[in-house]
Amino acid sequence: MAFRAVKGMNDILPNASGRWQRLEATFRRHADLHGFEEVRVPILEHTELFVRSIGEVTDIVEKEMYSFVHRDEALTLRPEGTAGVARALVEHKLYATAPVTRWYYLGPMFRAERPQRGRLRQFHQAGCEIFGDPGPACDAELISMIVDLLTDLGVAELEVAINSLGGPGTRARYRQALLGYLAPRAGELSDTARARLEANPLRILDSKHPRDVEVCAAAPSILDVLDAEDRAHFDGLRAALDALGTPYAVEPRLVRGLDYYTHTSFEIRSRAGELGSQNTLAGGGRYDAMVAELGGPGTPAIGFAMGLERILLALPEPAPSPRRGCFLAPMGQAATSRALGLARELRAAGVRAELDARGGSLRSLLRRADGSGARVCIVLGDAELGRGVAQVKDLELHAQEDVPLPEVVAHAAALTGSAAEAAS
RNA sequence: GUGGGUGUAGCUCAGUGGUAGAGCACUGGAUUGUGGCUCCAGGUGUCGCGGGUUCAAUUCCCGUCACUCACCCCA
């Protein structure tokens with residue numbers, strides 16, 4: 001094998017693309033139902049955009065971005081979707097057009113991490129962003145939408161975790177409190193956690209390292225230092241989730257790795273399917289400061305992204321797809337000529353039609369027809385041509401009949417059920 | 001980036017210090033034109049790559065690469 005795909009960047013072959021299409025269609029439907037419209041932004045952005053929005057000392061920016069300089073321009077393959085979408089909002093001044101903007105996006109993201117189950121270097125996210133609504137009702141609606149969407153798809157064993165990171169003042173205050181607790185215990189922390197002590201102590205809270213978990217168990221909770229406004233928002237979120245009937249768990253140590261979150265942050269996880277330890281299906285939160293940071297007016301915002309590969313891993317095995325369309329099996333030169341025209345007519349009538357002109361015995365032709373997944377096989381040999389008919393076989397019902405050539409299209413359309421779809 | 005596991009047919013895997021197998025898949029056939037089940041037949045492998053030990057390596061040793069799981073991180 002001379003060439004391989006780049007590590008961590010997988011092909012999605014036709015045997016899987018059907019599942020992707022269903023997943024994407026379901027996401028689009030739910031997003032549309034909630035009033036979101038699709039926005040498509042570039043995969044490549046100026047490196048500085050991600051540094052500014054995601055945060056300089058985050059792992060993503062420090063070591064996971066595909067960055068390069070091209071003709072004096074520092075560019076980066078997007079590691080997440082929110083920054084580009086927020087940039088587009090500001091660049092086109094769309095905050096001035098409507099008080100609230102609801103956008104969704106879909107597409108590949110890139111992070112240079114070591115691949116493992118549920119973690120790729122090129123992976124796909126679908127996400128929604130709401131600009132201009134300070135919440136917390138819309139925060140809850142977003143979370144409930146994800147739960148509905150995943151449930152609709154068939155993902156089992158969902159759990160919702162929520163937390164509040166408070167506003168900027170709260171965050172600074174909590175940072176000090178946490179540092180006050182952790183610094184004296186630095187010796188008990190893991191190496192990575194200790195290294196993070198100065199730069200980003202909050203991140204130590206969601207370490208999975210047993211030592212860190214133990215140390216953090218008794219750490220002060222951010223929920224205890226929320227100010228009145230933060231608390232009102234968080235209480236409002238909980239009340240709205242209760243009103244929606246969406247179960248959740250409060251996790252005071254839920255921090256997440258992007259610096260831009262304020263107030264609400266959340267994660268949706270599952271233990272279902274073939275998910276490994278990477279079991280966060282969707283995550284998000286409020287980022288009230290980002291739009292201003294990118295040069296726009298102060299605009300509250302919230303959003304989430306979900307990992308499509310992970311959702312696919314969590315999904316149960318799909319039912320085998322039903323037989324559909326026609327397989328044309330001509331035998332001989334004259335029959336092939338006739339079949340060519342027939343196939344074109346079928347397609348014009350909205351019937352999926354596959355022509356196999358390779359010839360062979362009728363047995364092998366039928367085997368191929370069967371293997372193709374077609375509902376109907378149209379056999380056209382010298383005997384049929386001589387009588388002006390085609391043999392139309394229903395591969396599912398094991399029924400067959402000779403049909404006069406002019407009626408074959410209508411007959412096949414009826415059998416495959418394609419006519420109605422084509423007409424509507 | 002750190003640690004563990006695994007690399008044999010298209011796929012899933014077995015196997016042995018003496019140059020390799022099964023199942024599935026694929027293709028063809030089973031009274032000269034009838035699919036799925038059944039039966040028969042058919043083929044491919046640099047045994048990941050490089051080096052070492054040995055009369056002899058797919059098997060043992062070292063290195064390397066790839067894949068994979070976990071940490072880390074996050075979707």
Side-chain angles (χ1 to χ4, degrees), chain A residues 1 4-8 10 15 54 58-65 79-82 106-127 146 150 190-193 195-196 200 203-204 206-213 254-258 265-270 274-284 303-314 320 323 327 329-332 335 358-377 379-384 391-400:
Chain A
M1 264 178 277
R4 308 185 56 98
V6 174
K7 182 203 280 277
N10 294 170
N15 64 6
I54 297 170
T58 56
D59 282 20
I60 291 180
V61 168
E62 282 179 338
K63 51 188 198 202
E64 294 172 4
M65 296 206 299
E80 59 104 47
T82 302
L106 201 59
M109 306 294 163
F110 303 84
R111 289 183 202 171
E113 302 179 273
R114 187 113 157 210
Q116 69 181 75
R117 180 183 296 275
R119 190 174 74 186
L120 287 303
R121 289 185 172 182
Q122 172 175 331
F123 59 105
H124 296 78
Q125 287 187 333
I146 302 167
L150 292 175
S190 69
D191 293 345
T192 36
R196 213 154 8 223
N200 205 343
R203 300 301 320 291
I204 297 173
D206 58 11
S207 167
K208 283 186 204 164
H209 195 109
R211 297 231 300 271
D212 301 336
V213 172
L254 176 67
V255 173
R256 308 187 48 71
L258 289 77
S265 81
F266 59 89
E267 272 184 18
I268 284 83
R269 313 185 192 107
S270 171
E274 299 173 37
L275 279 171
S277 62
Q278 310 297 318
N279 68 333
T280 301
L281 299 181
F304 76 87
M306 49 189 226
L308 269 25
E309 281 85 354
R310 288 187 187 175
I311 291 170
L312 254 11
L313 283 173
R323 292 181 168 281
F327 185 96
M331 293 186 285
R358 291 180 297 160
S361 69
L362 181 60
R363 173 195 292 276
S364 45
L365 246 15
L366 284 171
R367 274 189 184 167
R368 284 180 220 156
D370 187 48
S372 77
R375 172 66 191 265
V376 167
C377 179
V379 178
L380 210 52
D382 292 337
E384 285 78 12
Q391 185 183 102
V392 179
K393 283 180 75 76
D394 185 321
L395 292 170
E396 192 165 297
L397 300 179
H398 312 278
Q400 64 181 65

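A note on names: the letters A, B, ... follow the listed sequences, proteins ahead of strands, and every chain is numbered from 1.
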Starting at atom [atom1] of [X], determine the distance to atom [atom2] of [N], rounded to an integer number of angstrom.
X: A/Asn15; N: B/C24; atom1: CG; atom2: C1'; value: 16 Å
X: A/Leu362; N: B/A30; atom1: CG; atom2: C1'; value: 15 Å
X: A/Gln278; N: B/C69; atom1: CD; atom2: P; value: 10 Å
X: A/Asp59; N: B/C71; atom1: CG; atom2: C1'; value: 13 Å
X: A/Glu64; N: B/C71; atom1: CD; atom2: C1'; value: 14 Å
X: A/Met331; N: B/U34; atom1: CE; atom2: P; value: 10 Å
X: A/Lys63; N: B/C71; atom1: NZ; atom2: C1'; value: 11 Å
X: A/Glu113; N: B/C69; atom1: CD; atom2: P; value: 14 Å

Which part of the nucleic acid, if any, lies within contact of [X], taking any heavy atom under 4.0 Å across all strands shown: a base, the sugar-phosphate backbone alone, or nothing?
X: A/Leu120; answer: base
X: A/Arg111; answer: base
X: A/Arg323; answer: base
X: A/Leu395; answer: base
X: A/Ala305; answer: sugar-phosphate
X: A/Glu80; answer: nothing
X: A/Gly118; answer: base
X: A/Glu62; answer: nothing
X: A/Gln391; answer: base
X: A/Thr58; answer: nothing

Does the B/A30 base have a donor-acceptor partner in the side chain of A/Arg363 within less than 3.5 Å?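 Looking at the base of B/A30, it does pair with a donor or acceptor on the side chain of A/Arg363 (distance under 3.5 Å).
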Any N or O donor-acceptor pair under 3.5 Å from the base of B/C74 to the side chain of A/Arg203?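 Side chain to base: no pair present.
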First encountered from the 5' end of RNA chain B, between A/Arg367 and A/Asp394: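 Its nearest nucleotide being more 5', the pick is A/Arg367.
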RNA chain B: 5'-proximal contact among A/Leu397 and A/His124 (nearest heavy atom):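 Nearest-nucleotide comparison on RNA chain B picks A/Leu397.
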So, [X] side chain and [Y] main chain: donor-acceptor pair closer than 3.5 Å or not?
X: A/Arg310; Y: A/Gly118; answer: yes
X: A/Ser372; Y: A/Ala374; answer: yes
X: A/Glu309; Y: A/His124; answer: yes

Step by step, would you call A/Arg119 with A/Glu113 a salt bridge (Lys or Arg N to Asp or Glu O under 4.0 Å)? CA-CA 8 Å; A/Arg119 190 174 74 186; A/Glu113 302 179 273; 3.8 Å; yes
When the [atom1] atoms of [M] and [N] are compared, how many Å lie between them, rounded to an integer?
N: B/C47; M: B/A20; atom1: C1'; answer: 8 Å
N: B/A56; M: B/G43; atom1: P; answer: 33 Å
N: B/G45; M: B/C11; atom1: C1'; answer: 14 Å
N: B/U16; M: B/U31; atom1: P; answer: 43 Å
N: B/C60; M: B/G3; atom1: P; answer: 24 Å
N: B/G21; M: B/A9; atom1: C1'; answer: 10 Å
N: B/G63; M: B/A70; atom1: P; answer: 26 Å
N: B/G50; M: B/U8; atom1: P; answer: 16 Å

So, does [X] get its side chain near the phosphate of [N], meaning an N or O under 4.0 Å from OP1 or OP2?
X: A/Ser277; N: B/A70; result: yes
X: A/Arg368; N: B/G28; result: yes
X: A/Ser361; N: B/U34; result: no

Out of B/G33, B/C74, B/U34, whichever nucleotide has its closest atom nearest the side chain of A/Ala383: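 When the side chain of A/Ala383 is considered, B/G33 is the closest of B/G33, B/C74, B/U34.
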Tell me the stems RNA chain B sits in, counting at least three consecutive Watson-Crick or G-U wobble pairs, each under 3.5 Å on both distances.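 Stem list for RNA chain B: B:1-7 with B:65-71, B:10-13 with B:21-24, B:26-30 with B:38-42, B:48-52 with B:60-64.
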Measure the shortest side-chain to side-chain distance between [X] and [Y] over non-hydrogen atoms and say whether it is less than 4.5 angstrom.
X: A/Val376; Y: A/Phe327; value: no
X: A/Leu281; Y: A/Met306; value: no
X: A/Arg111; Y: A/Ile60; value: yes
X: A/Met109; Y: A/Pro79; value: no

Yes or no on salt bridge (Lys or Arg N to Asp or Glu O under 4.0 Å) for A/Asp370 and A/Lys393, after CA distance, side-chain angles and deciding distance? CA-CA 11 Å; A/Asp370 187 48; A/Lys393 283 180 75 76; over 6 Å; no
Name the pairs: protein N/O against N/O of nucleotides 63-68 of chain B, kept only if under 3.5 Å.
{"unit_1": "B/C67", "atom_1": "OP2", "unit_2": "A/Lys7", "atom_2": "NZ", "d": "2.9"}

